[in-house]
Number of protein chains: 2
Amino acid sequence: MRKTTIKDVAKKAEVSVATVSRTLNDPDSVKKSTREKVLDTVEKMEYDPNPVAKALRLNKVNSIGLIVPNITNTSMAEIIRGAHEELGDHGYNTVLFNSGEDFRREEHFCEIIQNTMVDGVIFVTGTGATPPVEMLSSDLAACLINRKSELEYVDQVMADEEEGMKLLTYHFNRMGHKRIGFITGNQQTSATKNKLKGYKNFFENNELEFNNEYVVSGNWTIEGAFLAMKELLGLKEKPTAVIIGTDTMALGALSAIRDSGLSIPEDIAISGFDNSPSSEYYTPPLTTLKYPNYKLGKLSARSILNRLENPDREKKNINIPLDIMIRKSCGYRIGFDQNR
Amino acid sequence: MRKTTIKDVAKKAEVSVATVSRTLNDPDSVKKSTREKVLDTVEKMEYDPNPVAKALRLNKVNSIGLIVPNITNTSMAEIIRGAHEELGDHGYNTVLFNSGEDFRREEHFCEIIQNTMVDGVIFVTGTGATPPVEMLSSDLAACLINRKSELEYVDQVMADEEEGMKLLTYHFNRMGHKRIGFITGNQQTSATKNKLKGYKNFFENNELEFNNEYVVSGNWTIEGAFLAMKELLGLKEKPTAVIIGTDTMALGALSAIRDSGLSIPEDIAISGFDNSPSSEYYTPPLTTLKYPNYKLGKLSARSILNRLENPDREKKNINIPLDIMIRKSCGYRIGFDQNR
DNA sequence: GAGTTGAAGATAAATGTTTTTAAAAAGTAT
DNA sequence: ATACTTTTTAAAAACATTTATCTTCAACTC
């Protein structure tokens, strides 16, 4: 049984195809009586306009590609949720691509996205390199999350990681810490580079000595952070506070500290980065930075939709500030001004 | 600047459009010299076949819809990863839908998926009801994850939660526990129903008294599990072991136990359910059940692709067993047979 | 040298919409 | 009845492909 087409409906309702089309797309342009007749047969015959034919005619498929480095990551999930929701609210579908932090696959996706049915792309890269947006056909709307692009027609929305990292170091410093360690994610990624920039900048601005030994990569894994923390604890002058690049890695770091018989925050003060849903339930509860993932997704989607409506508007560049989330792991003392 | 079409290529290469098409889709059917000439101009003009026109002609869009209850959930992320990978490997795109555990939105997606460009749907529901697959147009391939359907043409792949739950209770019982509690997720969901079946079944088979007080809902949230555990600890006869429906909820439960000054596993033995990546790093490391999420996604995708190739094949029904993952939280004793 | 065969490529139909056009029909006010 | 407006129609173009059918032409057979 073939699907019913607009022709079938037209024949059954004894009108022209044009009338059926107009009834569906611009109801006011057709007299009430015919409109009802048409709508009736549409219902009866269970007619659904073929989306592909429609897309071909209108040169618009009503879906947006979303390239992410790693769905498994909870922050990424929030980005996806935000983007998907906003897109869905405006009748767009989300076509997901998971690059797995692999630059080759990012390139690959950029290649095949040409041959795939999307009106635009939201790009979240994990790799250090700026995504190969230049490869994209220029009639595709594009928006980068947490990444810059030289291209005039590519929008970008970013979380201000550098500023956030300054916030964190500043907080620790105000609490009297001088030796502040930093367990990074993969050092190739811009997420890490941004944070590092904020970290270094803080030392420079305060004319404190910057010690490179205190920066060690946890490579974005719990195990890696465990090892990294062990390394920091092995230094002759251990740091008294450590900032860990992600909340997930913080789990490994906490475990390493306990493993060494030290206690948190008395011996070592800790902060994470992300405010993942479970960080509040770590032992001890984790001081961290609220990463606006959902908002990032939402705003990037909005940006894409906006550009689709207005292809020639100027480049948009949104920057979202991060808030510090103070919990027990950083060792606040009662009476200390933590503006809570 | 309009995108170059097959016509443009044909004109430039001084052949017919048919020849260009055949060169691209069935190179052997065209003489070497013409083939080279065509391929050359294709390259020069940067011609990409329009996927929409192709889809219209072939009645095939090469993408699959994936409806999930909650992307934020890490197990869901693994399912998505598995499905996406398998689909991508076979040239299919993944169109994501996030229902947010809302039955109304599940229905909504089933409605709009008609008007959206997919060849099939993979369905994983969070709500108790079987997904409204009957609503789907019958020429859409469909596969259900963790859910049954009466329909002959709908495949299903499931994790054997009931059997897994038996495994867990059995394990606790062998370690001498009689009063085994169970903190469930949302009780309306089939995930919970299945586990409950295994839980009850165990008691029946072993002629042990089943105490309904020991089953309390944590509603799938960390907070909920915290409260649920508090409730269990308030009973005159506390359970000596508690199974928690998800690893994430276990965080709340562990926190509640510590909050009451009890220790794990000495006072109370604990197991989770899922084997989430971080469960190994809880304090103490969490005994849990390996949930085959990635595999679930992968197999469902394979099932869909297979049906697309062979639409009239018989219904497929895959069942994946779960393995127990023994760690410290369940209080194994050295020398005890835990087949590790 | 006439007829047959086969390969290579051209032509045109088909996919299901939307939209434009010119024309016709139907309804409304003067 | 006339003029005018609103509604509808039929037909065709356009979107970019694939493919069934037809044509051409050279090689081969007898």
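Below, read A as the first sequence line, B as the second, and so on, with proteins coming before strands; counting in each chain starts at 1.
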With heavy atoms under 4.0 Å as the rule, sort B:Thr5 into base, sugar-phosphate or nothing. sugar-phosphate
B:Thr19 meets the side chain to side chain donor-acceptor pair (under 3.5 Å) criterion, sequence neighbours left out, with B:Ser16
Scan nucleotides 10-13 of chain C against the protein and return all N/O pairs shorter than 3.5 Å with their distances rounded to 0.1 Å.
| residue | atom | partner | partner atom | Å |
| --- | --- | --- | --- | --- |
| C:dA10 | OP2 | B:Ser16 | N | 2.7 |
| C:dA10 | OP2 | B:Ser16 | OG | 3.0 |
| C:dA10 | OP2 | B:Thr19 | OG1 | 2.7 |

Measuring only between side-chain heavy atoms, which start at C-beta, is A:Ile318 closer than 4.5 Å to A:Met158? no
From CG of A:Leu56 across to P of D:dA14 the rounded distance in Å is 13 Å
Q.
Is a donor from one side chain sitting under 3.5 angstrom from an acceptor on the other, for A:Tyr291 and A:Glu78?
A. no
Between NZ of B:Lys60 and C1' of C:dA14 the distance, given in whole Å, is 19 Å
(message) Once you apply a heavy-atom cut-off of 4.0 Å, does B:Leu58 come out as touching a base, just sugar-phosphate, or nothing?
(response) sugar-phosphate
Taking the side chain as every heavy atom from C-beta outward, state whether A:Ile122 and A:Ile145 have any pair of such atoms under 4.5 Å apart. yes
Contact check, residues 25-55 of chain A vs DNA chain D, heavy-atom distance under 4.0 Å, returns A:Val30, A:Lys31, A:Thr34
Residue set satisfying side chain to side chain donor-acceptor pair (under 3.5 Å) with A:Thr192, at least two apart, ordered chain then number -> A:Thr189
To the nearest angstrom, the CD1-P distance between A:Ile6 and C:dT19 comes to 10 Å
Here the distance between atom C1' of D:dT17 and atom CE of A:Met117, to the nearest Å, is 13 Å
Residue pairs passing the side chain to side chain donor-acceptor pair (under 3.5 Å) test with at least one member in residues 82-93 of chain B, sequence neighbours excluded, are A:Thr116-B:Asn93, B:Lys60-B:Tyr92, B:Glu85-B:Tyr294, B:Glu85-B:Lys298, B:Glu86-B:Arg302
Rounded to whole Å, CG of A:Leu24 lies from P of C:dG16 at a distance of 16 Å
Those residues at least two apart in sequence (or on a different chain) that pass side chain to side chain donor-acceptor pair (under 3.5 Å) with B:Asn306 are B:Arg313
Rounded to whole Å, CG of B:Asn62 lies from C1' of D:dT17 at a distance of 14 Å
Q: Run the salt-bridge test on A:Arg307 and A:Asp155 with the 4.0 Å N-O cut-off and return the result as yes or no.
A: yes
Item to check | B:Asp40/B:Lys44 salt bridge by N-O under 4.0 Å criterion | outcome: yes
